[in-house]
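One-based numbering, in listed order, for ligands and for the atoms of each.
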Amino acid sequence: MGDHNTDTEAILRRALEASGQRFTEQRSAVFRFLRSTESHPTADEVFLRVRSDVPGISLATVYKSLETLVGCGLAAKLTYGDGSARYDGRTDDHHHVRCLECGSVVDLPGRVDAHEVHRLEASAEGFRVTGVRLELTGYCPGCDTPTSAAPA
Ligand code: ZN
Ligand code: MN
């Protein structure tokens, strides 16, 4: 095993090269941060974190780097109905629970039975299904106060 940073950089270099993209320090910093966190950050949050490592990096560069990583299959983009987006350094199949109050997104250790997914897929008549996205919604421990839990 090489050291962790070297492995991360090698993974990034290979994936960028395979998509005809250049390795840059900015992309590397964004990728390292995404791999180091389980917080599913927004582009703004990534920007706030990486600008200490890469002085002078702009929000636009962070945004483009994130999109490049998604395009290379190194990150996933989670989009929501209100137009917001979060980024996930984990690209293996997994599900999330999302807080309706603060917007936090957490990985679920549990999985839906593959058989159940196939059963659902079979019911999607006429559709060529290419993926599944399952998200639980509710209130995180920090937001689960009696007021937010009360129905409107
Ligand atoms: Zn919350
Ligand atoms: Mn995730």
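A donor-acceptor contact closer than 3.5 angstrom links the side chains of Asp82 and Ser84. Side chains of His94 and Asp88: a donor on one and an acceptor on the other come within 3.5 Å. With hydrogens and angles left out, the side-chain atoms of Thr68 and Ser65 include no donor and acceptor closer than 3.5 Å.
Annotation: angle subtended at the Zn ion (ligand 1) by Cys99 SG and Cys143 SG is 110°, to 10°. The Mn ion (ligand 2) lies at the vertex of an angle of 90° between the OD2 atom of Asp88 and the NE2 atom of His96 (rounded to 10°).
No other N/O/S atom of His40 lies as close to the Mn ion (ligand 2) as NE2 does. Closest N/O/S atom of His94 to the Mn ion (ligand 2): NE2. Of all N/O/S atoms in Asp107, OD1 sits nearest the Mn ion (ligand 2).
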Practice prompt. Applying side chain to side chain contact (heavy atoms under 4.5 Å, CB included), run through Glu101 and Thr145 and close with a yes or a no.
Written response: CA-CA 10 Å; Glu101 185 68 30; Thr145 61; over 6 Å; no

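Figure legend: Arg51 and Phe47 shown as a cation-pi pair, the cationic atom lying under 6.0 angstrom from the six-membered ring centre and within 45 degrees of its axis.
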